[in-house]
Structure formats: structure tokens, C-alpha cells
S.K.: 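Just passing along the structure, written as C-alpha cells.
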Amino acid sequence: MAQEDVFKKLVAHCKEYGFVFQSSEIYDGLGAVYDYGQNGVELKNNIKKYWWDSMVLLNENVVGIDSAIFMHPTIWKASGHVDAFSDPLIDNKDSKKRYRADVLIEEQLAKYDDKIEKEVGKARKRFGDSFDEVQFRETNARVLENQTKRDALQNRFVKALNDSNLDELRQTIVDEEIVCPVSGTRNWTDVRQFNLMFSTEMGATADGAQKVYLRPETAQGIFVNYLNVQKTGRMKIPFGIAQIGKAFRNEIVARQFIFRMREFEQMEMQFFVRPGTDPEWFQQWRQTRMNWHQALGFGSENYRFHEHDKLAHYANAAVDIEYRFPFGFKEVEGIHSRTDFDLSQHQKFSGKKIQYFDPELNESYVPYVIETSIGVDRMFLQIISAAYSEEELVSEDGKKDTRVVLRIPAPLAPVKLAVMPLMKKDGLPEKAREIIEDLKFDFNCQYDEKDSIGKRYRRQDAIGTPFCVTVDHISLEDQTVTIRYRDTMLQDRVPISELKNIIAGEVSMKKLFAKL
RNA sequence: GCGGGAGUAGCUCAGUGGUAGAGCAUCAGCUUCCCAAGCUGAGGGUCGCGGGUCCGACUCCCGUCUCCCGCUCCA
């Protein structure tokens with residue numbers, strides 16, 4: 001089966017079995033926004049619990065917070081998002097290629113530099129040791145001509161950027177006769193500004209309102225609370241702050257189902273360390289995080305690290321953990337060494353001292369930060385992708401058959417067990433209800449009496465229920481039931497009184513933590 | 001945002017200028033009983049939405065929304 005087909009089936013399966021629906025579907029939907037259904041929300045909550053517990057419960061030096069989505073607008077200036085999240089884009093009408101207008105102009109500046117360096121290089125070769133480079137640069141006609149053009153372009157470019165003058169940016173591209181590298185033409189569209197941050201207004205009256213942004217990442221909520229948590233929690237470096245929350249990005253192109261959404265959820269942990277120890281903590285967290293992923297048992301060969309060669313403005317090291325999705329290896333989690341960039345920026349913009357007094361060193365410093373950042377929705381998609389399988393079965397009498405089963409790790413499964421009477425009579429339904437009454441406070445249970453028992457098993461397979469408990473006539477005599485396992489389809493007969501223990505052992509998060 | 005393709009029942013799809021179909025799924029009843037597809041019956045669609053042409057539009061035209069593929073972007 002082709003991989004795209006697998007992906008299509010996944011999307012269909014997610015809808016058909018109540019995992020993921022398109023947002024506002026009865027109104028034709030809303031682009032790149034999705035809702036989680038009755039089973040999806042359970043799986044999602046379990047993923048968050050797996051992460052949260054592995055961070056906050058398992059590490060005594062990691063604590064959690066829940067910061068607001070709205071934050072002071074200056075935070076986004078300090079973080080660099082106001083500048084970096086808004087790109088002026090221009091399309092070439094012939095090649096249909098899109099470029100960042102500022103990048104095109106920067107490349108043009110580089111071309112002037114190349115021309116100048118070429119002249120200088122030629123002269124150096126010609127004159128050898130006696131070459132006076134400074135004088136050459138100041139006097140050579142060709143160098144001066146290019147330098148003048150370059151400076152003029154530079155000034156014009158900076159002014160246009162500062163004024164956010166998009167027409168001027170376009171005119172600059174036209175005047176410089178910049179061509180599309182693909183089509184070679186100068187048939188450009190207008191320059192348009194894409195702001196990747198959503199904004200709204202706070203304050204009821206129009207004149208008193210201030211522009212606020214929906215956070216494009218949860219990290220800043222942690223940084224601006226660094227002092228609060230460190231002081232009130234009496235935290236000693238190294239320590240971490242974890243947070244799970246929604247973030248919003250107005251993506252130009254948001255596609256591939258829930259892989260890239262405009263409203264998404266992040267699970268982030270910022271780990272504050274002594275400057276200079278950041279490389280070793282970076283190594284440690286990258287391994288810890290990989291272990292967390294692989295503990296789910298989907299096969300280590302399906303994961304890999306992807307080292308960044310191009311680093312974001314705040315980072316001195318960055319690596320992604322990628323999973324082999326049906327559409328290729330894609331990022332699920334990022335581990336970034338963010339240096340002291342964020343805390344220093346907030347120190348600068350807020351005017352508050354954000355430092356840690358290290359008693360061992362007897363000095364104060366701005367801590368360095370190692371960030372682990374994972375998308376809940378991507379993790380959800382990763383698990384569904386990994387868990388989805390179509391199996392060919394051959395029954396005892398040789399009949400061929402297929403089943404669709406979600407092999408979700410039991411601790412993450414939306415429904416832990418289904419209890420069903422073998423037949424809808426003779427008191428079996430009542431007995432089944434009785435069992436559910438006893439277990440429903442411990443596990444998410446489902447009752448089903450409709451259709452044949454085999455069909456009911458398949459329905460549970462399709463949503464990844466790890467255990468099916470069946471009540472038959474023997475149950476009424478000796479208080480035992482059969483428990484059928486999703487992955488093997490095998491059954492055991494066990495006393496009803498032991499059900500709780502058996503299932504609890506299998507669905508506990510401890511089962512996963514044991515592998516960390 | 002550009003180019004290409006698509007949108008008919010919960011799902012997969014058929015249909016075609018003349019009152020909307022199938023299979024599966026759902027629900028009710030019966031039957032069998034430990035691995036889907038037994039019998040009987042029922043519900044469910046203003047054919048993505050809006051406009052136009054026409055006596056008449058699911059079908060033709062225009063617009064729009066959404067999805068898929070490619071480009072582009074990705075902290």
C-alpha cells in the first residue's frame with residue numbers, strides 16, 4: 001500500500017472513530033483547525049499526562065506552571081517574534097515561486113560585495129606583496145562604483161524595512177532588476193506582509209484598547225515567570241519549568257492534517273543551567289527525550305535525530321527528534337540550547353534583574369536554558385500513525401479476514417476495557433453492567449451488547465481498546481470472565497475479583513516509565 | 001498565496017439537463033454465539049455553499065468555501 005494511501009486511511013479512520021474532526025465542519029470547515037472527538041480527547045489527555053508526569057513527577061527539580069495565553073505585547077518584541085514572525089513575501093508570476101523580498105535584496109547586496117571582492121582579488125594577484133588594499137578600495141573606479149551602488153541599496157533597503165514600506169521594497173527589487181532564479185524574469189507580484197502572530201485587542205473601548213497577541217509559543221510564559229518560580233519554589237540551578245498549553249501561528253500554508261495547525265498545543269520544558277554547562281545538559285536532555293519517545297515501543301528504527309545546521313536567532317545548538325510518518329521523517333520534538341538569550345532580552349526590555357545567585361560560585365549570572373519542545377498534536381498523529389495497522393487474518397476454518405487495529409500503548413489508549421455479555425439474555429447483560437459499575441472509577445470502560453461478539457471485538461480494535469472482558473454463562477456460575485487481548489487476540493479466563501489488578505498493572509503510566 | 005485535482009448518506013463511491021442510488025455503517029426486532037459481513041424492518045442527503053442560464057440544474061456557466069498533490073514558508 002502506498003504511503004499516501006496509509007495517510008488518507010488514517011485521516012478517515014480518525015474521523016470515523018471519533019478521534020479528530022475538522023473544525024466547524026457543518027459551516028464548510030475552518031482552514032487548518034481541527035477538533036478532537038470523544039476518543040481523540042482521551043488519547044490526547046493521556047499523551048499530556050505521560051509527558052507531564054515524566055517531567056514533573058519523575059524529576060524533583062522540574063515544576064510545572066500554566067501561564068496565560070495573553071501576555072504583555074512587549075514580550076514579543078523582546079523575544080524577537082514581532083520582527084522574525086513577519087515576512088515580506090513576493091511571488092514571481094512566471095515561475096510561481098515565492099520569495100522573501102528582504103532575502104532577494106540581501107542577495108543583491110551580496111552580489112555587489114562579490115563584484116568588489118573580485119576586483120580586489122584580481123588586484124592583489126597582480127601587485128603581490130606591494131598591494132595596498134585599503135588604498136585600492138578607496139581609489140579603484142570599479143570598486144567605488146559598486147560600493148556606491150551597494151551603499152545606496154543598503155540605505156534604501158533599511159529605510160523601506162523600517163518604514164514597513166512594501167511598495168518601496170517591490171520598487172527596489174524592480175529598480176535593481178532582480179530576476180527570479182527559476183524563470184529568469186522580472187514579472188513580480190506586489191510585496192505582501194505575512195504576520196505569523198494572531199493579534200486582537202484588549203480593552204473594551206476602541207481608543208483605550210491595546211494590541212495583544214495570541215502567543216506563538218508557550219516558552220515565553222515560562223521565561224517571564226522565571227523569577228516567580230525560582231523564588232517561591234526555592235529552586236536551585238539546575239532546575240526546569242514545564243508547561244502544556246495552546247499556541248497560535250497564522251501559517252501561510254498549514255497542511256498535512258493535524259501536523260501543522262494554526263491553533264496547536266505544545267508541551268515545553270525550559271531547563272535553567274549554569275553557563276558553560278549547557279552543552280552537557282543539551283546532550284543529556286536530547287537522550288532523555290529520545291528515550292521517552294522510544295519507551296512507547298514503536299521501534300527505535302523509526303526515530304532519528306536531525307541536527308540543525310541553520311540555527312534560530314536564540315540558539316547555539318538545536319536538534320529535532322523525527323519520526324517516520326507515512327509522509328516521511330518529520331519533526332515531533334525539538335531540543336534547543338537557547339543560551340541566555342531569552343532571559344537577557346527580558347532583563348533588558350523589562351528593566352528587571354533576572355539573575356541567579358549561585359552559592360557554589362559565589363556569583364550571579366543569567367542562567368542558560370535548554371529547551372525541550374514537543375507538539376501535542378504531532379505526538380498524537382505520531383502515535384496514531386504508528387499504532388494503525390491492517391492485519392490479514394485466517395480463521396480456523398480457513399476463511400480469510402482483515403482487521404483494523406490501533407496498537408496504542410495501553411496506558412495511552414482512550415478506552416481501557418470493554419465489557420460485553422456474550423449474549424443479550426439470561427442475565428449476562430446485568431452481570432456485565434455490574435462489572436462496569438465496579439471498574440468505571442478506575443478505568444474508562446465501555447459496554448456493548450450489539451451484534452456478534454466478533455464484531456464487537458473488531459469495533460474495540462478500531463479504537464485501540466487493549467482489553468475486552470466477556471461475560472458468558474460460566475461467569476454466572478463461578479464468577480470468572482474471559483479477558484481478550486487486543487494485540488494477540490488471545491483470551492484468558494480470570495476471576496472477576498482480579499480484573500482490577502490485572503488491568504491496572506497494564507494501563508499504568510509506570511509501565512512506560514519503567515523503560516525510561 | 002500560485003498551479004493542478006476533487007467535494008453526492010456517517011464511510012467508500014455510482015449517476016446524469018427531466019421527481020436522488022448501492023454497499024458498508026447506524027437504529028429497532030428476531031436468530032446464532034468467543035473473533036466482522038444471518039433474517040426482517042427503519043432512519044438518514046435541499047448532491048459543499050451562493051448566484052446565473054433554462055420550462056426544468058447534482059449535471060452547464062460564474063463566484064465562494066473546504067480538502068488533496070506540487071511550489072513556498074516553518075523558531
Side-chain angles (χ1 to χ4, degrees), chain A residues 4-5 7-9 11-13 15-18 21-33 79-81 83-85 87 89-100 103 182 189-190 192 194 196 216-217 219-220 247 249-257 259-260 266 268 308 310-315 318 320 327 330-331 334 336 338 341-342 371 373 391 393-397 399-405 420-426 428 450-462 468-474 481-486 488-491 493:
Chain A
E4 302 77 57
D5 294 341
F7 190 59
K8 272 188 180 167
K9 285 191 174 184
V11 176
H13 193 87
K15 181 182 179 187
E16 189 164 1
Y17 289 94
F21 307 123
Q22 190 183 14
S23 165
S24 318
E25 190 180 319
I26 62 170
Y27 288 96
D28 295 330
L30 188 63
V33 184
S79 70
H81 284 84
D83 294 330
F85 256 36
D87 298 331
L89 298 180
I90 189 168
D91 290 351
N92 182 274
K93 289 179 187 168
D94 298 316
S95 64
K96 310 293 183 197
K97 297 281 181 189
R98 164 169 298 171
Y99 302 92
R100 279 177 54 174
V103 170
V182 174
T189 63
D190 286 343
R192 283 156 305 187
F194 285 78
L196 262 48
E217 63 173 29
Q220 299 306 324
R249 287 183 201 172
N250 203 356
E251 301 282 357
I252 301 166
V253 176
R255 269 203 207 134
Q256 282 173 318
F257 196 39
F259 188 79
R260 176 167 304 157
Q266 291 183 308
E268 292 198 325
H308 286 215
K310 202 177 124 195
L311 294 171
H313 63 257
Y314 54 71
D320 292 339
F327 45 94
K330 295 282 180 188
E331 174 188 354
H336 297 144
R338 292 182 80 127
F341 176 83
D342 299 277
E371 168 189 82
S373 174
E391 289 182 357
L393 305 173
V394 181
S395 64
E396 285 173 13
D397 52 354
K399 272 201 299 187
K400 283 195 176 169
D401 192 8
T402 62
R403 72 161 182 162
V404 173
V405 53
M420 26 192 132
L422 188 58
M423 279 179 278
K424 207 170 19 174
K425 59 181 181 185
D426 302 334
L428 300 183
K450 174 79 179 160
D451 298 313
S452 74
I453 191 72
K455 202 164 185 174
R456 282 179 270 167
Y457 288 151
R458 298 301 168 80
R459 274 204 286 263
Q460 295 301 327
D461 288 340
C468 287
V469 167
T470 305
V471 176
D472 55 20
H473 288 92
I474 303 172
V481 290
T482 59
I483 181 164
R484 177 260 194 193
Y485 304 99
R486 176 194 69 200
T488 60
M489 298 172 71
L490 298 176
Q491 286 177 287
R493 182 165 283 277

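Residue numbers start from 1 in every chain, and the chains themselves are labelled A, B, ... in the order their sequence lines are given, proteins ahead of strands.
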S.K.: Mind checking A/R459 for me? I need base, sugar-phosphate or nothing, with any heavy atom below 4.0 Å counting as a touch.
M.R.: sugar-phosphate
S.K.: Does B/rG18 have a Watson-Crick or wobble partner in any strand here, with both distances under 3.5 angstrom, and which is it?
M.R.: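 Because both required distances fall under 3.5 Å, B/rG18 counts as paired with B/rC55.
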S.K.: Work out how far the P atom of B/rC60 is from that of B/rG7, and round it to whole angstrom.
M.R.: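 One P to the other, the span is 11 Å.
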S.K.: If only side-chain N and O atoms of A/R458 are considered, is one of them under 4.0 Å from the OP1 or OP2 phosphate oxygen of B/rC34?
M.R.: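 No, because none of the side-chain N or O atoms of A/R458 sits under 4.0 Å from OP1 or OP2 of B/rC34.
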S.K.: When you measure only distances, ignoring hydrogens and angles, does the side chain of A/R403 come within 3.5 Å of the base of B/rC35 through a donor and an acceptor?
M.R.: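 Absent.
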S.K.: The side chain of A/R260 is closest to which nucleotide in this list: B/rU12, B/rC73, B/rC27?
M.R.: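 Of the candidates, B/rC73 comes closest.
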S.K.: So which nucleotide does B/rA6 pair with, by the Watson-Crick or G-U wobble rule with both distances under 3.5 Å?
M.R.: B/rU66
S.K.: Using whole Å, report how far CE of A/M420 lies from C1' of B/rC35.
M.R.: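 Atom CE in A/M420 sits about 10 Å away from atom C1' in B/rC35.
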S.K.: Look up atom CD in A/E371 and atom CG in A/D342, then write down how far apart they are to the nearest 0.5 Å.
M.R.: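 If I round to the nearest 0.5 Å, the distance is 8.0 Å.
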S.K.: When the distance from NE2 of A/H13 to P of B/rA25 is rounded to whole Å, what number comes out?
M.R.: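 Rounded to the whole Å, the gap is 15 Å.
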S.K.: Nearest whole Å is fine: how far is B/rU12 C1' from A/Y17 OH?
M.R.: 13 Å
S.K.: Could you check whether A/R338 pairs with A/E268 (Lys NZ or Arg NE/NH1/NH2 to Asp/Glu carboxylate O, under 4.0 Å)?
M.R.: no
S.K.: Let's see if you can work this out: which of B/rC27, B/rC33, B/rC73 has an atom nearest to the side-chain heavy atoms of A/I453?
M.R.: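 Of the options given, the side chain of A/I453 lies nearest B/rC33.
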S.K.: Please report, rounded to the nearest Å, how far the C1' atom of B/rU31 is from the CG atom of A/L422.
M.R.: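 The distance from CG of A/L422 to C1' of B/rU31 comes to 14 Å, rounded to the nearest Å.
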S.K.: Using the C1' atoms only, state how far B/rG10 lies from B/rU26, rounded to an integer number of Å.
M.R.: 8 Å
S.K.: Measure the spacing between CD of A/Q460 and CZ of A/R486 and express it to the nearest 0.5 Å.
M.R.: 11.0 Å
S.K.: Below 4.0 angstrom from OP1 or OP2 of B/rG10, is there any side-chain N or O of A/K15?
M.R.: no
S.K.: Could you measure the distance from the NE2 atom of A/H473 to the CG atom of A/L422? Nearest 0.5 Å is fine.
M.R.: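 So the NE2 of A/H473 and the CG of A/L422 are separated by 7.5 Å.
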S.K.: What interatomic distance, in whole Å, is found between P of B/rU64 and the corresponding atom of B/rC24?
M.R.: 41 Å
S.K.: With both distances under 3.5 angstrom, what nucleotide forms a Watson-Crick or G-U wobble pair with B/rC35?
M.R.: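 Result: none.
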S.K.: Could you check how far NZ of A/K9 sits from C1' of B/rC13, rounded to whole Å?
M.R.: 15 Å
S.K.: Distance between the C1' atoms of B/rG17 and B/rU59, in whole angstroms?
M.R.: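 Comparing C1' positions in B/rG17 and B/rU59 gives a spacing of 7 Å.
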S.K.: Which pair of non-hydrogen atoms, one from A/S79 and one from A/F341, has the smallest distance, and what is that distance?
M.R.: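 Scanning both residues, the minimum pair turns out to be O-CE2, 3.8 Å.
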S.K.: Which nucleotide sits closest to the side chain of A/D472: B/rC34, B/rG10, B/rU26?
M.R.: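 For the A/D472 side chain, the nearest candidate turns out to be B/rC34.
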S.K.: What is the distance, to the nearest angstrom, from the CD atom on A/E391 to the C1' atom on B/rC35?
M.R.: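 The distance from CD of A/E391 to C1' of B/rC35 comes to 12 Å, rounded to the nearest Å.
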S.K.: Paired with B/rC73: which nucleotide, if any, by Watson-Crick or G-U wobble criteria at under 3.5 Å for both distances?
M.R.: none
S.K.: Once you apply a heavy-atom cut-off of 4.0 Å, does A/T482 come out as touching a base, just sugar-phosphate, or nothing?
M.R.: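 A/T482: base contact, heavy atoms under 4.0 Å.
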S.K.: Taking the minimum atom-to-atom distance to the side chain of A/K455, which one of B/rC34, B/rC35, B/rA25 wins?
M.R.: B/rA25
S.K.: Pick the C1' atom in B/rG41 and in B/rC62, then give their distance to the nearest Å.
M.R.: 46 Å
S.K.: Rounded to whole Å, how long is the line connecting atom CE of A/M423 with atom P of B/rG29?
M.R.: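 In whole Å, B/rG29 P lies 17 Å from A/M423 CE.
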S.K.: Does A/Q22 put a side-chain nitrogen or oxygen below 4.0 Å from OP1 or OP2 of B/rC67?
M.R.: yes
S.K.: What interatomic distance, in whole Å, is found between C1' of B/rU8 and the corresponding atom of B/rC67?
M.R.: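 To the nearest whole Å, 15 Å.
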S.K.: Would you say the side chain of A/E16 and the base of B/rC11 hold a donor-acceptor pair, judged only by whether the two atoms sit under 3.5 Å apart?
M.R.: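 Under the 3.5 Å cut-off, the side chain and the base do not form any donor-acceptor pair.
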S.K.: Taking the C1' atom in each of B/rC65 and B/rC73, what is the distance between them to the nearest angstrom?
M.R.: 23 Å
S.K.: Within this structure, what is the CG-to-P distance between A/D451 and B/rU40, rounded to whole angstrom?
M.R.: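 Taking atom P of B/rU40 as the reference, CG of A/D451 is at 16 Å.
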S.K.: Any strand counts, and the cut-off is 3.5 Å on both contacts for Watson-Crick or G-U wobble. Which nucleotide pairs with B/rC27?
M.R.: B/rG41
S.K.: Measuring from the side chain of A/A12 (C-beta onward, heavy atoms only), which nucleotide among B/rC35, B/rU12, B/rA36 has the closest atom?
M.R.: B/rU12
S.K.: Starting from the 5' end of RNA chain B, give me the residue, A/S452 or A/R456, whose nearest nucleotide shows up first.
M.R.: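 So the residue in question is A/R456.
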S.K.: Roughly how far apart, to the nearest Å, are B/rC47 and B/rC58 at atom P?
M.R.: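 Looking at atom P only, B/rC47 and B/rC58 are 6 Å apart.
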S.K.: When rounded to the nearest 0.5 angstrom, what distance separates NZ in A/K450 from NZ in A/K455?
M.R.: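 Answer for the NZ-NZ pair, A/K450 versus A/K455, is 8.0 Å.
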S.K.: What's the separation between atom CG in A/D451 and atom NZ in A/K424, rounded to the nearest 0.5 Å?
M.R.: 8.5 Å
S.K.: Is A/K425 near enough to B/rC33 that one of its side-chain N or O atoms lies under 4.0 angstrom from OP1 or OP2?
M.R.: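 The answer is no; no side-chain N or O of A/K425 sits under 4.0 Å from OP1 or OP2.
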S.K.: Is it true that a side-chain atom of A/D426 and a backbone atom of A/L428 form a donor plus acceptor pair closer than 3.5 Å?
M.R.: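 Pair absent, no side-chain N/O of A/D426 close to backbone of A/L428.
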